[in-house]
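To keep things clear, I will list the structure first and then write my remarks on it.
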Amino acid sequence: MAAFALRRLLEGLLVLLLVSAITFFLINLAPGGPSAAVSLEKTAAQREALYHQFGLDKPVPVRYLDWLGGVLRGDLGTSLNQGLPVSSLLEQRMWNTLQLALTTLVLTTLLGMGLGIAAALYKNRWPDHLISGVATLGMSIPGFWLGILAIIVFAVQLKLFPSSGIFSVGAEFSLLDRLRHLVLPAGVLAFTLMPNVVRVTRSALLEVMSSDYVRTARAKGVAERVVLLKHTLKNALVPVIAILGLITTVLFSGSVVIESVFGWAGLGRLAIEAANGRDYPVILGVTLVAGAVVVMVNFLVDLLYAAVDPRISHE
Amino acid sequence: MQLRWKFKPWLVLVLVGLLGGAAQAQDYDPNGSLTFATNADPTLNPWAPNAVVESNLINELIFEPLVRYNKKDLTPSPGLATSWKVAPDGLSWTFNLRKGVKWSDGKPFTADDVAFTYNNIALNKKLGATGGNLYAPLSKVEVIDPYTVRFVLNTPFSSLPYYLAYFTGILPKHILGDAENPLTLADFNKKNPVGTGPYKVAEFVSGSYVRLVKNDSYWGGPPKVASVVFKIVPDPNTQMAQLLGGELDMVTVTNPALLAGIERNPKLKLIRQNQNIYYFVALNQNDPRFKDVRVRQALLYAIDRKAIIDAVLKGYGEIATGPIAPLQKLFYRKDVPSYAFDPKKAQELLKQAGWVPGPDGVLTKDGKPLEIDMPTGQFGYLVPATLLVQQYWKAIGVKANVKVMEWNAYIQQMFVNRQYQATLAWWSTPPTPDVSPYYQSSSADKGQNIPNFKSAELDKLLEDGRKATSLRSQVLAYLQMQRFVAEQLPYLYLWYPDILTVRDDKIGGMVDLNQAVAFQYASEWFVKR
């Protein structure tokens with residue numbers, strides 16, 4: 001087990017190194033430059049001065065080694081367009097993304113698995129059709145549109161929830177206030193992510209339900225519900241964990257669209273702003289964080305597989 | 001006399017009395033708060049290279065310029081300077097500073113701060129300060145006494161006071177004086193800026209909002225609105241939804257299509273404002289085909305600007321005649337060539353210039369077709385407007401190859417590298433008739449002279465305007481300049497767009513003319529009960 005963890009850790013670091021190198025060279029090959037300098041407001045002389053300040057007058061490989069050296073010393077550099085240390089920006093945004101991601105993950109898991117189980121239970125009857133209808137809807141509606149619709153209905157018309165932000169301006173910390181702000185973005189995100197979980201849960205359950213040991217259980221006269229929840233669910237979990245792992249990586253690296261629509265100051269918005277403004281150190285910082293999340297979640301998913309299915313072992 | 005503004009204490013007393021009376025009659029909420037939106041994290045330092053459109057209005061509440069714009073006609077009015085005088089040779093300006101002004105940390109504001117802001121920041125080429133390039137004629141600022149400064153110039157600069165009012169807040173020397181780079185201090189720019197303005201920062205939550213509270217020791221008296229919040233809302237649709245839901249009190253609408261629905265809300269009113277903004281097509285003068293003025297004129301005759309304004313701007317705009325927009329009432333001249341839509345005339349002019357229809361209908365000269373590379377960026381309505389221009393040109397046998405690019409890459413290609421033959425863009429300039437940075441030959445290729453238009457005659461006209469020592473000679477010089485550019489078309493002038501602002505009715509005391517001016521007089525705002 002320890003050997004497995006160590007191997008995965010080393011592999012993970014290698015992946016991060018490769019990802020950072022590829023990102024660094026790609027983003028520098030892309031046309032454009034930091035928006036503080038590349039804008040209609042700046043003349044050639046001003047641009048030159050700023051490129052010098054930013055160290056962008058050095059060759060790309062030298063800059064990569066400089067950056068890598070900084071990272072090894074724990075310094076991710078300074079944002080070119082914001083003037084703040086990248087680490088402080090990441091820390092702030094990561095915490096915000098984490099709140100949204102965890103809430104959405106819980107909602108998605110409960111909703112997705114609940115509906116998936118119900119659909120399997122009532123296979124080919126009206127609840128199944130209704131659920132698969134809702135799932136299809138959630139899958140095909142674009143998130144930004146649903147977000148705006150939710151804002152118009154729940155914030156503008158009904159005035160039930162705030163339309164944007166993470167907490168009320170200038171207010172003391174209050175859990176209720178935070179939850180109220182979470183409802184719309186987390187709800188919309190969960191609605192668009194949940195269909196995958198519903199489908200995978202349903203089909204995995206149905207597959208397991210047609211296996212021999214389930215037939216045996218039924219033959220013993222065990223009630224259908226007990227068969228489903230006790231005998232099949234655990235065995236159907238592996239593909240569900242896989243899809244939840246994928247959703248987790250998407251959520252924890254920040255949902256660009258939903259964060260923009262709901263003014264949620266998370267990693268996704270930071271990434272898109274940095275990319276639009278060619279803020280190289282921030283792009284690399286976000287890439288590193290997102291890469292680390294993927295590596296870590298994959299590791300956890302592998303561990304979970306072993307926990308739910310004894311046939312899988314990492315010894 | 002616009003160049004000599006004499007401070008008249010009795011006049012100010014009368015005005016203060018009148019305004020005070022008006023505000024009292026207008027019963028306002030002393031705890032009122034206003035919430036606005038900005039599209040990205042601001043930088044709270046007006047000269048920082050990264051402080052542009054997302055920061056400008058916020059910085060106007062925290063920092064103050066020497067000169068403000070007059071609320072009615074944009075002429076220079078007192079700000080931190082109470083009066084000024086230009087030397088007879090036009091080579092120096094003396095400004096008397098307002099006494100009793102305090103920085104928000106309690107230290108007094110003096111001439112040293114003004115000298116620091118201009119000498120060490122605007123003129124320090126290493127910093128790349130936003131707007132620093134506009135002060136090319138300025139040599140240095142001298143401190144005469146704690147409340148008098150002298151701006152010493154290399155060449156006369158009749159529009160200096162206009163420039164001094166354009167997003168150029170004075171910075172505190174006692175805070176930034178020792179910094180290696182006074183424009184990159186994160187604590188100042190993102191948390192604790194120190195200014196003389198009517199508001200100071202209470203809280204800056206990155207990515208979420210900036211909350212300002214009134215500065216009770218403001219020299220103009222305590223502001224009437226207790227706090228002003230700028231929420232960071234990048235999505236224009238969300239901004240509009242928040243305005244309709246009452247979470248925002250004012251929104252600037254970049255896409256007129258979003259206006260649908262506001263008329264159903266009786267609390268919201270639409271204000272059509274003006275700034276010195278004009279859209280244009282630039283024809284790269286490094287391309288010999290566009291050196292012929294007949295070709296430039298023809299390409300403008302071919303465009304139905306009225307139709308584009310109606311279709312793309314939903315009618316919120318006016319056909320442009322030159323770089324000076326109508327809101328500069330003193331200087332704007334309408335009686336210049338205006339190139340009403342006339343495709344026949346366009347074809348005639350091109351024929352005179354030697355362009356004749358080829359076999360496939362595309363005009364050719366010396367066997368080469370009139371094909372034009374026309375990159376455009378994804379921003380606002382640049383893409384649809386460019387596509388319409390392409391269609392109008394196609395109708396007279398000119399083939400424009402439009403390439404739609406991501407914004408930053410477009411700026412790099414078009415502006416930094418000047419790799420384009422034609423492009424549609426806009427300028428938003430200080431409301432002064434002095435347009436030298438965008439037109440003079442020395443700004444071609446590396447400055448803001450986008451079409452790289454080089455003309456000794458235009459340089460001379462611009463210089464005459466800068467040299468003018470009386471309002472009369474200034475108006476005259478710029479009349480000639482407007483005629484020249486309307487005839488020669490360094491840029492093909494398209495339209496002056498209206499700036500559409502939707503405001504909640506509860507806001508009182510806010511200037512309608514435009515936002516840049518409205519925010520210079522924020523201490524007069526109030527929230528109606």
Side-chain angles (χ1 to χ4, degrees), chain A residues 30-53 78-85 88-89 92-93 96 144 147-148 151-152 155-157 159 162-167 169-170 259-266 269-270 272-273 275-278, chain B residues 33 35 37 40-41 43 48-50 52 125-133 181 183-186 189-190 202-203 205-209 211 227 229 231-235 237-238 241-242 244-247 405-413 415-416 425 427-428 437 443 445-448 450:
Chain A
S35 55
V38 175
S39 91
L40 293 175
E41 273 95 3
K42 303 293 187 309
T43 61
Q46 286 169 307
R47 211 158 36 237
E48 227 164 78
L50 290 168
Y51 269 59
H52 181 69
Q53 267 182 44
T78 305
S79 158
L80 304 181
N81 295 333
Q82 299 253 24
L84 289 169
S88 82
L89 279 170
Q92 225 168 18
R93 302 300 176 97
N96 293 339
F144 76 91
I148 300 230
I151 289 176
I152 291 173
V156 177
Q157 302 290 343
K159 299 206 190 327
S163 62
S164 87
I166 297 167
F167 48 86
V169 173
E259 285 181 2
S260 293
V261 170
F262 288 99
W264 195 272
R269 233 178 80 197
L270 187 68
I272 194 81
E273 280 167 11
N276 286 340
R278 304 292 192 277
Chain B
S33 163
T35 308
D41 268 28
T43 299
N50 29 18
V52 280
K125 295 222 157 50
K126 280 190 198 141
L127 301 183
T130 294
N133 58 308
N181 183 339
L183 299 182
T184 56
L185 292 183
N189 292 357
K190 294 286 178 179
E203 195 185 5
V205 185
S206 163
S208 294
Y209 62 84
R211 184 164 61 92
S227 69
V229 175
K231 283 212 225 172
I232 296 150
V233 186
D235 186 283
N237 297 295
T238 310
Q242 296 206 356
L244 290 169
E247 291 175 68
M405 303 176 74
E406 182 263 345
W407 179 247
N408 188 289
Y410 164 70
I411 294 294
Q412 171 89 10
Q413 174 168 339
F415 186 65
V416 176
W427 274 128
S428 171
S443 295
D445 298 308
K446 46 191 195 289
Q448 281 148 339
I450 290 181

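Quick note on labels: first sequence line is chain A, next is B, and so on, each numbered from 1.
- When each of Ala36(A), Ala265(A), Gly32(A) is checked for heavy-atom pairs under 4.5 Å with chain B, Gly32(A) comes out on top.
- Applying the side-chain hydrogen bond (donor to acceptor under 3.5 Å, both in side chains) test to Asn408(B) and every residue at least two apart in sequence or in another chain returns nothing.
- When each of Pro49(B), Ser227(B), Ala48(B), Ala129(B) is checked for heavy-atom pairs under 4.5 Å with chain A, Pro49(B) comes out on top.
- Nearest heavy atom pair, residue Phe167(A) against residue Val205(B), reads CZ-CG1, 4.0 Å.
- Taking CD of Gln157(A) as the reference point, atom CG of Leu244(B) lies at 8.5 Å (rounded to 0.5 Å).
- Crowding of Glu406(B) atom CD: a count of heavy atoms from other residues, nucleotides or ligands under 6.0 Å exceeding 12.
- The minimum heavy-atom distance between Gly447(B) and Thr43(A), with the atom names listed, is CA-CG2, 4.1 Å.
- A 6.0 Å sphere centred on NZ of Lys126(B) holds no more than 12 heavy atoms belonging to other residues, nucleotides or ligands.
- Looking at Lys190(B), only its side chain comes within 4.5 Å of chain A, counting heavy atoms on both sides.
- Ranked by heavy-atom pairs shorter than 4.5 Å toward chain B, the options Gly83(A), Ser88(A), Gly33(A), Gly165(A) are led by Gly33(A).
- Two residues are said to be in side-chain contact when any heavy atoms from C-beta on lie closer than 4.5 Å; Leu40(A) and Gln448(B) fail this criterion.
- Of the possible donor and acceptor atoms, none in the side chain of Glu41(A) sits under 3.5 Å from a partner among the backbone N and O of Gly131(B).
- The distance from the CD1 atom of Ile148(A) to the CG atom of Asp235(B) is 5.0 Å, given to the nearest 0.5 Å.
- Side-chain contact between Thr35(B) and Val169(A) is absent, with no heavy-atom pair separated by less than 4.5 Å.
- For Leu80(A), the part lying under 4.5 angstrom from a heavy atom of chain B is the backbone only.
- The shortest non-hydrogen separation linking Leu50(A) to Leu127(B) is CD2-O, 3.7 Å.
- Heavy atoms closer than 4.5 Å to chain A are found in the side chain of Ile450(B), but not in its backbone.
- Closest approach of Gln242(B) and Ser163(A) over heavy atoms only: NE2-OG, 3.0 Å.
- Most heavy-atom pairs under 4.5 Å with chain B, from the set Leu84(A), Ile152(A), Leu89(A): that is Leu84(A).
- Heavy atoms only, all atoms of each residue included: Pro234(B) and Gly263(A) are closest at CD-CA, 4.5 Å.
- Looking only at heavy-atom pairs under 4.5 Å with chain B, the residue among Val156(A), Ile166(A), Leu270(A), Asn276(A) that has the most is Val156(A).
- Asn181(B) touches chain A through its side chain: at least one heavy atom from C-beta onward sits under 4.5 Å away, while N, CA, C and O do not.
- How far CH2 of Trp407(B) is from OG of Ser35(A): 11.5 Å, rounded to the nearest 0.5 Å.
- Per-residue heavy-atom pair counts under 4.5 Å with chain A were compared for Val233(B), Asp41(B), Asp445(B), and the maximum is reached by Asp41(B).
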Walk me through it: do Thr130(B) and Lys42(A) pass the test side-chain contact (heavy atoms from CB on, under 4.5 Å)?
CA-CA 7 Å; Thr130(B) 294; Lys42(A) 303 293 187 309; 3.3 Å; yes

For Gln82(A) and Thr43(B), run side chain to side chain donor-acceptor pair (under 3.5 Å): C-alpha distance rounded to whole Å, both residues' side-chain angles, the deciding distance at 0.1 Å, then the answer.
CA-CA 7 Å; Gln82(A) 299 253 24; Thr43(B) 299; 5.7 Å; no

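- Partners of Glu247(B) under the salt bridge (charged side-chain N to carboxylate O under 4.0 Å, His left out) rule, at least two apart in sequence or in another chain, are Lys231(B).
- Across all their heavy atoms, Arg278(A) and Ala409(B) have their closest contact at NH2-N, 3.8 Å.
- Here OG1 of Thr184(B) is found 6.5 Å from CD of Gln53(A). Values are rounded to the nearest 0.5 Å.
- For a residue to count as touching a neighbouring chain, one of its non-hydrogen atoms must lie under 4.5 Å from one of that chain's; by this rule Asn133(B) touches chain A with backbone and side chain alike.
- Contact count against chain B (heavy-atom pairs under 4.5 Å) is highest for Pro162(A) among Ala30(A), Pro162(A), Gly266(A).
- When heavy atoms are compared at a cutoff of 4.5 Å, Ser39(A) approaches chain B solely by way of its backbone atoms N, CA, C and O.
- Comparing Ser206(B), Ala241(B), Ser208(B) by heavy-atom pairs within less than 4.5 Å of chain A, the highest count is held by Ser206(B).
- Interface remark: of the candidates Glu203(B), Arg211(B), Lys125(B), Arg211(B) forms the most heavy-atom pairs closer than 4.5 Å to chain A.
- Looking at Val52(B), the atoms closer than 4.5 Å to chain A (heavy atoms on both sides) all sit in the side chain, from C-beta outward.
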